[in-house]
Amino acid sequence: MVALVTAAYREGRQLRVRGAAHSVSHATYTDPLAAIANRVEQQSPPPGENVNVMLDKYAGWRVKDEERKLVEVDAGIHLGADPSDPTGRATLESSLLYRLWRDKGWALSDTGGITHQTVSGFTATGSSGGSLQFSVNDNIWGIRAIDGTGEVYEVSRDDPDPDLFYSMSPNFGLLGVVSKITFECVDAFNITGQEAVTTMDGCAVDVVGNGASDRPSLEAFLREAEYARLEWWPQRGAERILTWQCQQIRPQLGFRPTRYEEFTDRPKIAEVVISLLFTILGNLDDLSQAKAKLQLTFDEVETDLEALAKVAKLGKIGRIVARALRELLEGGVGGAITMLEPFASLIERELPVIFPRVLGMFISLDNDKTGMQKGEPQSFRDWAWRGLPMDNQANDVLVPTEFTELWIPLPRTGDAVRLLNGYFTEPRDDREAYRRTGLNAWELYSAKPTRFWMAASHTTGDDEWKEGAFRIDTYWFAGNPGDPALTFYPPLWELFRESGIPFRLHWGKFQPVYEPGDRRWVDFFAVHYPRWNDFLRLRERRDPNNIFLTSYWRDRFGLWDAPTPKPTL
Ligand SMILES: Cc1cc2nc3c(=O)[nH]c(=O)nc-3n(C[C@H](O)[C@H](O)[C@H](O)COP(=O)(O)OP(=O)(O)OC[C@H]3O[C@@H](n4cnc5c(N)ncnc54)[C@H](O)[C@@H]3O)c2cc1C
């Protein structure tokens with residue numbers, strides 16, 4: 001890796017490293033980025049002379065200090081198994097969290113909703129699980145990296161002045177190629193928790209209100225819960241919320257896990273139907289665009305007549321969609337689209353009627369005995385490495401999801417969620433309401449405050465971020481047409497900007513798109529990161545030939561005038 005970086009420095013080429021490719025692709029690869037779409041999907045890097053590296057064979061780990069539980073890991077190791085890994089090497093048995101648990105009885109304090117990521121990708125974007133009490137940031141102890149000239153440097157939490165250590169997560173790959181990360185682990189723990197599916201009024205949390213003594217506000221709930229996330233389906237007529245929460249328990253002898261099931265107790269059928277229906281519903285304007293996606297879903301499934309019978313029960317539209325699905329199963333994608341096309345505008349008009357029914361099939365309220373749920377919240381107990389990443393079961397092919405994620409100072413939680421609720425409920429026209437909510441869920445969760453310079457939950461210790469961040473993660477079904485950063489997300493970003501509620505955005509997810517030279521968003525975010533300029537100065541020092549600085553990252557930081565890499569021989 002040193003030789004590669006040195007060669008890129010001397011020859012004046014860009015160099016970037018990819019992890020599991022779960023961030024938007026332009027955040028990861030070299031120029032020319034115009035040659036590839038900016039999406040969350042496995043895709044080849046752009047063609048050309050620049051260097052794109054994958055560290056799939058660099059995934060070992062070793063104990064550095066048994067007593068302190070210090071474990072040094074190579075940058076390419078994945079946190080958990082990665083089903084989309086193109087090399088097939090990222091298995092459960094090779095993954096960090098599983099090996100730590102199995103071989104050492106150790107763990108990291110939290111994980112994100114999935115654990116497909118590599119350790120270096122996760123930390124490079126400042127990713128985080130949903131907790132105000134626990135964070136992987138507290139486990140990161142040291143980082144070894146190769147700067148833009150090929151020199152190796154190391155920083156650690158125990159440095160006499162650890163300030164530079166705190167520049168390293170997120171680092172966006174702009175401070176060098178991270179080659180090793182040392183984690184200070186904790187003793188392994190299990191978790192116990194539950195997920196309730198309720199209406200907004202029936203929720204144990206007063207999500208959009210101020211709370212009462214027997215029903216906490218959202219902010220109070222997030223402060224109290226050890227690990228929590230709410231999945232809000234705000235679509236008109238379908239309004240419901242999934243409240244997932246859990247806490248640590250000490251490992252018991254003979255512990256028998258009861259696993260959390262996403263998408264009801266029939267996950268596969270649910271995912272197939274959701275995927276097919278979302279693809280059809282999201283592409284009603286031009287069904288031919290849905291062809292490739294439907295084909296992909298179709299390739300993943302076996303004939304599923306049971307699912308068809310369920311869809312057919314959804315009234316007139318349900319019968320039309322069921323016929324199309326049958327056509328799909330029997331005659332292929334072309335036949336299904338031909339069959340559906342004449343009904344597209346009817347289905348679109350009826351969306352506010354059909355969508356609540358579709359959702360109700362798979363995300364039925366706990367007290368709805370006719371649904372698939374058992375009439376009560378789902379309880380689960382699990383090993384932390386398996387239970388904390390509650391979305392690991394979602395299939396990236398069937399329900400490919402993309403996101404933008406706003407991080408807001410915790411004390412502003414109530415204002416933020418009420419602003420959002422007003423945005424959803426205000427339109428008199430149902431179709432406008434659906435345009436605002438989209439057809440996917442909105443995840444509400446939190447992150448612990450941290451000293452890491454560019455983290456979206458960064459705090460100076462005496463600012464309004466000091467108690468942590470409230471996060472709004474807006475899901476986008478990637479089978480829908482168009483680029484959500486140009487269509488679905490801008491009104492949301494503008495809504496919050498105009499409201500005056502401060503916010504930062506998750507660095508690995510969608511961000512505003514603008515022309516080079518347009519500083520409107522650059523200046524907005526610069527104000528919200530007190531170490532912004534320190535980071536840019538350090539970047540210049542670590543990467544004097546700008547070999548890590550792609551057009552995407554120039555846009556993010558307004559670095560359009562920085563020279564392009566030149567041969568230094
Ligand atoms: C389904 C899904 C669920 C998610 N859930 C969560 C969640 O719960 N919480 C959360 O915070 N985020 C979440 N994310 C976002 C995800 O954690 C980030 O996008 C993360 O960066 C992905 O890690 P990766 O290994 O795929 O890295 P990649 O996306 O491949 O890379 C991320 C960045 O790291 C850089 N990089 C990678 N390796 C190195 C290296 N060795 N040296 C220097 N730079 C490097 C890349 O160039 C790129 O800039 C989710 C994403 C998806 C798709």
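Indexing begins at 1, ligand by ligand and atom by atom, following the structure's order. Note that the coordinates shown come from a computational prediction; the quantities given were computed from them, not determined experimentally.
- Heavy atoms from both the backbone and the side chain of A20 come within less than 4.0 Å of ligand 1.
- Contact annotation for Y552 and ligand 1: no heavy atom of the residue comes within less than 4.0 Å of the ligand.
- D31 and S551 are linked by a side-chain donor-acceptor pair at a separation below 3.5 angstrom, with hydrogens and angles left out of the test.
- At a heavy-atom cutoff of 4.0 Å, ligand 1 is contacted by no atom of E443, backbone or side chain.
- Ligand 1 has at least one atom lying under 4.0 Å from a heavy atom of V40.
- At least one donor-acceptor pair closer than 3.5 Å links the side chain of N546 to the backbone N or O of P563.
- When non-hydrogen atoms are compared, ligand 1 lies under 4.0 Å from the side chain of H506 (C-beta onward) but not from its backbone.
- When A145, S23, P389, A394 are ranked by how near their heavy atoms come to atom 32 (C) of ligand 1, first place goes to S23.
- Defined by atom type and a distance below 3.5 Å, a donor-acceptor pair is present between the side-chain atoms of R18 and Q42.
- Only the side chain of L55 comes within contact range of ligand 1, with a heavy atom under 4.0 Å; no backbone atom does.
- The proximity of H78 to ligand 1, defined as any non-hydrogen pair under 4.0 Å, does not occur for either the backbone or the side chain.
- Scanning the protein heavy atoms around atom 52 (C) of ligand 1, the nearest turns out to be F403 CE1, 3.5 Å.
- Neither the backbone nor the side chain of Y29 has any atom closer than 4.0 Å to an atom of ligand 1 (non-hydrogen atoms only).
- Taking 4.5 Å as the limit, every side-chain heavy atom of V2 sits out of range of all side-chain heavy atoms of L4.
- Both tests do not hold together for R259 against F380: distance to the six-membered ring centre under 6.0 Å, angle to the ring axis within 45°.
- In T125, the part holding a heavy atom less than 4.0 Å from any atom of ligand 1 is the side chain.
- The side chain of R16, and not its backbone, has at least one atom closer than 4.0 Å to an atom of ligand 1 (non-hydrogen atoms only; side chain from C-beta on).
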